[in-house]
Amino acid sequence: MSFLLLLAWNGVAQALPPLEIEAGYIGSYTSFVSAPALRTGARTEIGGLGLTGAVIVRSPLDTSGLADLTHTLVAIADQGSGTSFQQPVNFESMAMQVLVDWDFGLESRPPGISGGMRVYGGAQYGIVQEYYAQYDGTISSGPPTDLDKEGTNMAIGPVVGAAYDVWLDGMVGLNFGGLYRGYYLSAPQYDPDVAVTEHELEAGWSLFANLVFDLGAM
Amino acid sequence: MKWIRGVLGIGIAGFLGTAQADEGGLHLGVGAGSVINDPFLKRYITQVTLDVRPKDHMVFEVVLGYSPDLGTSDWRPITKQLIEENHVSPDISKFSLYGGITGRVIPFWSPTKNGHNNLGFLWGVGMVQTEDDLEALQAIGNEVAEATQFETHLMGMSGVMGEAWRGGHGLQMGFRLMTYIETVNSTTLEMKANRLLTLAYVKKL
């Protein structure tokens, strides 16, 4: 039975294009959110280029998912004078990425440990929830940060980046790097009394690390 | 055995194999990059490197870099908001010139059609110059703040470096962590950990 299964798997693997599956961690693209996300995807090769489809999922945001920077900004802005202050926080709860990558012409992985790098370009489409973090002196424990939800947007944006690959034996590897990515969203407005009318690209670097399995090699 | 070697011997795996490439000699690199973890400033850098590779998986490098001070153009929107609208003074300093010596171990390598890719880890030490942004500190003319406006610090450098080589030409992508301790406004000791992302062209001399 196991022999038949192995034979069937071998036939499927021969018929399909090379396929790798990956799962791991990816950080937020903004400095104001620290909550990590799960990123999982699949990659194949077409004409010397890699094509990756990935999904990012992040658990709902509360004030514990805000970066220390956000708490600090809210607190120190309250110490100043002048206009009142709110910190815009755009929270990516789910996203889909389509990326094309180039590994500089890698022919095949040598046996044993190997590694190299690749560059990425592509786009992402995500569900982005708009929040504002504001000072609240009535909070008795923890940072005096109150989080107000403004709305939810479906947004699109570019992705570029680079990654390093480390293959332990040709079948299992690590893939880690950084993606500069973002979304076209409402421009940041720090004054609660001023309405937001403009849109702009909000983008930043997010680091990621994946465990990768090469199904073809298996 | 490959798994044991992979898990336990990542750092020294390159030394266990045979020679992996013909890269011996001096290499000159010219590149640019940016600081990716500063929420208050947009900082860009240019960088020159000269390295020698006594073995294919061992690199000793001299690095010299410069980050121009673009004044208030360096400020991000949140910085302008805090300073100009909320009248709060964040402790902002900018590094300018830096240089150091690093060693790199290249344990990972893959052949490509006309060359190879590699991946290594680097460590090193150096010096870095910093300048406090007195406009952001709202301390122009303040003698206490001016006393530590310009400083030079010992810094440590570590990171990950990937290279793609074709003949004597290489593309180098580096992620470096530059750490140092400085005094801001004469009163505040701050530990800086700048993450530098660089892209460079490297040529075998």
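Just so it is clear, the structure is predicted and the values come from calculations on it, not from any experiment. Sequence lines set the chain letters: A, B, ... in the order given, protein chains first and strands last, and positions in each chain run from 1.
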**Fill in**
For B/E146, the salt bridge (Lys or Arg N to Asp or Glu O under 4.0 Å) test, sequence neighbours excluded, returns none

Are the side chains of [Y] and [X] in contact, using a 4.5 Å heavy-atom criterion?
| X | Y | answer |
| --- | --- | --- |
| B/V88 | A/F85 | no |
| A/Y180 | B/L197 | no |
| B/N117 | A/R118 | no |
| A/L207 | B/R195 | yes |

**Request:** Can you tell which part of B/Q81 gets under 4.5 Å to a heavy atom of chain A, answering side chain, backbone, both or neither?
**Result:** side chain

Above 12 or not: heavy atoms from other molecules or residues under 6.0 Å from [atom1] of [X]?
| X | atom1 | value |
| --- | --- | --- |
| A/K149 | NZ | yes |
| B/L70 | CG | yes |
| A/D62 | CG | yes |
| B/K113 | NZ | no |

Does any heavy atom of chain B fall under 4.5 Å from the side chain of [X], the backbone, both, or neither of them?
| X | result |
| --- | --- |
| A/D165 | backbone |
| A/T72 | neither |
| A/L69 | side chain |

Measure across [X] and [Y] and return the closest heavy-atom pair with its distance rounded to 0.1 Å.
| X | Y | answer |
| --- | --- | --- |
| A/M117 | B/E163 | CE-C, 3.4 Å |
| A/L106 | B/S110 | CD1-CB, 3.2 Å |
| A/I76 | B/L82 | CD1-CD1, 4.3 Å |
| A/S114 | B/W109 | CB-O, 3.2 Å |

**Prompt:** In Å and rounded to the nearest 0.5 Å, what is the OH to CZ distance from A/Y164 to B/F175?
**Reply:** 8.5 Å

**Fill in**
Of the listed A/S31, A/G204, A/P110, A/S84, the one with the largest count of heavy-atom pairs under 4.5 Å with chain B is A/P110

**Asked** With respect to chain B, which residue among A/A162, A/G105, A/A77 yields the maximal number of heavy-atom pairs within a distance under 4.5 Å?
**Response**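 Top option by heavy-atom pairs under 4.5 Å: A/G105.
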
**Among B/L119, B/I36, B/N86, B/L171, residue most engaged with chain A (heavy-atom pairs, under 4.5 Å)** =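 Ranked by heavy-atom pairs under 4.5 Å with chain A, first place is B/N86.
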
